[in-house]
Amino acid sequence: MWSMTGFGKSNGVFEGKKRSIEIRSLNGKGLDLTLKLPALYRALEPEFRAVIAAGLERGKIDVGLHLEDQETANPENIDWNLAQGYLKEFKLLASANNLPLHDWLTAVTQLPGVVKTNVSEPSEVERAFMLSLLEEALSATQTFRYSEGANLKKDLEQVLEALQSLLQDLEPLEQERYANTRQRLTNAVNELSADSVDAGRLEQEVLFYLDKLDISEEKIRLRSHINYFQETLNEGNSSGKKLGFIVQEMGREINTIGSKSNHAIMQRKVVEMKNHLEKLKEQVQNVL
């Protein structure tokens, strides 16, 4: 089982220049990928995205490619006409508003299209090097995810054991509840006039009332969901969404048990079960 929480990093040197890739991953319903690449490697973005999506599947993923020596773009040429046009407009603006003309040169050179740079695409050899660096970072992230998943699985299994234990605790309480309910109904009937009571009909009504309080089916279904959850944990493929659906079904059965448990201690047990169920919901959100 894998968690969606992960981190991976890789470093390498290409033609004397150090390159590093960092991947950070958190839980998410789908693939939410943020990819930060320097201009030099912008052409690799589609390929990077495809490789990352195939390797990590889903989650909120941030990927950054860092250059140890940031390459500065050397001006190949300046668009003089565009620069002079901008500068002329700045002067007119300053004159019309009686503003001093300060360092407009810096502002002009930062405007789009004034300074042209020559950023070439990476060669095929460099492209292969960067992809191998990405694969290395992905492998480290997957290892991290697997390790986190193993810890997460232990936590989930502990919660399942707690739910199983609470289900068993309900057994003696059910019998006590039946006995108390039947005695209470019998006492209420004894206070009535014997002539006004049909004994056969009374027994049917008592049985019908007790049947409405029966939680046997809910317990069977809840145990079945818990077993299915455990089986799904042991599957080798991604199972986070599937586990989420199973937790929803478990919640339905626990709610029904709570609505039928007109017994103080049983209701406390149900509250504890709901508390454990919330833990399951939170933890399952991080399962890939």
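Note that the coordinates shown come from a computational prediction; the quantities given were computed from them, not determined experimentally.
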Taking the side chain as every heavy atom from C-beta outward, state whether [X] and [Y] have any atom pair closer than 4.5 Å.
| X | Y | result |
| --- | --- | --- |
| Thr141 | Arg24 | no |
| Asn11 | Lys18 | yes |
| Lys241 | Val284 | no |
| Leu156 | Met1 | yes |
| Thr232 | Phe245 | no |
| Met266 | Val270 | no |
| Asp32 | Arg58 | no |
| Val287 | Trp2 | no |

Heavy-atom count check: over 12 atoms from other residues, nucleotides or ligands less than 6.0 Å from Arg49 CZ?
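Counting neighbours around CZ of Arg49, more than 12 heavy atoms of other residues, nucleotides or ligands fall under 6.0 Å, so yes.
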For Tyr228, is the OH atom crowded, meaning more than 12 foreign heavy atoms sit under 6.0 Å from it?
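Counting other residues, nucleotides and ligands, OH of Tyr228 stays at 12 neighbours or fewer.
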Taking all non-hydrogen atoms of both residues into account, name the closest pair between [X] and [Y] and its distance.
| X | Y | value |
| --- | --- | --- |
| Gly8 | Ala140 | CA-CB, 3.8 Å |
| Leu31 | Ala53 | CD2-CB, 3.5 Å |
| Leu163 | Ile226 | CB-CD1, 3.9 Å |
| Met4 | Gly59 | SD-CA, 3.8 Å |
| Ile21 | Phe48 | CD1-CE2, 4.1 Å |
| Gly12 | Leu133 | N-CD1, 3.7 Å |

Without swapping roles, check the side chain of [X] against the backbone of [Y] for a donor-acceptor pair under 3.5 Å.
| X | Y | answer |
| --- | --- | --- |
| Ser139 | Glu135 | no |
| Arg42 | Leu37 | yes |
| Thr256 | Arg252 | yes |
| Gln142 | Leu56 | no |

Answer with yes or no whether the hydrophobic clustering places Leu33 together with Leu288; edges join I, L, V, M, F, W, Y residues whose side-chain heavy atoms lie under 4.5 Å apart.
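No; Leu288 is not reachable from Leu33 via cluster members.
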Transitively linked via ILVMFWY side-chain contacts under 4.5 Å: Leu35 with Leu44?
yes
Just do the side chain to side chain contact (heavy atoms under 4.5 Å, CB included) check on Leu280 and Met250 with the steps written out, would you?
CA-CA 10 Å; Leu280 278 185; Met250 291 168 64; 3.7 Å; yes
Here's a test for you: under salt bridge (charged side-chain N to carboxylate O under 4.0 Å, His left out), which of Glu218, Glu217, Glu171 qualifies with Arg223?
Glu171
Side-chain donor-acceptor pair present, [X], [Y], cut-off under 3.5 Å:
| X | Y | answer |
| --- | --- | --- |
| Arg145 | Ser25 | yes |
| Glu126 | Tyr41 | yes |
| Thr5 | Asn286 | yes |

Ile254/Leu222 under side chain to side chain contact (heavy atoms under 4.5 Å, CB included): CA gap, chis, key distance, verdict
CA-CA 7 Å; Ile254 292 173; Leu222 181 54; 3.8 Å; yes
Out of curiosity, Leu152 CG to Gln283 CD, how far, rounded to the nearest 0.5 Å?
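Atom-to-atom, Leu152:CG and Gln283:CD are 6.0 Å apart.
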Atom CE of Met130 and atom OG of Ser10: how far apart are they, to the nearest 0.5 Å?
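Nearest 0.5 Å value for the CE-OG distance: 7.5 Å.
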Do [Y] and [X] meet the salt-bridge criterion of a basic N to acidic O distance under 4.0 Å?
| X | Y | result |
| --- | --- | --- |
| Arg127 | Glu47 | yes |
| Glu278 | Lys274 | no |
| Lys242 | Glu235 | yes |

Check the orientation of Phe144 and Phe7. Use parallel for under 30°, tilted for 30 to 60°, and perpendicular for over 60°.
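Phe144 and Phe7: perpendicular rings.
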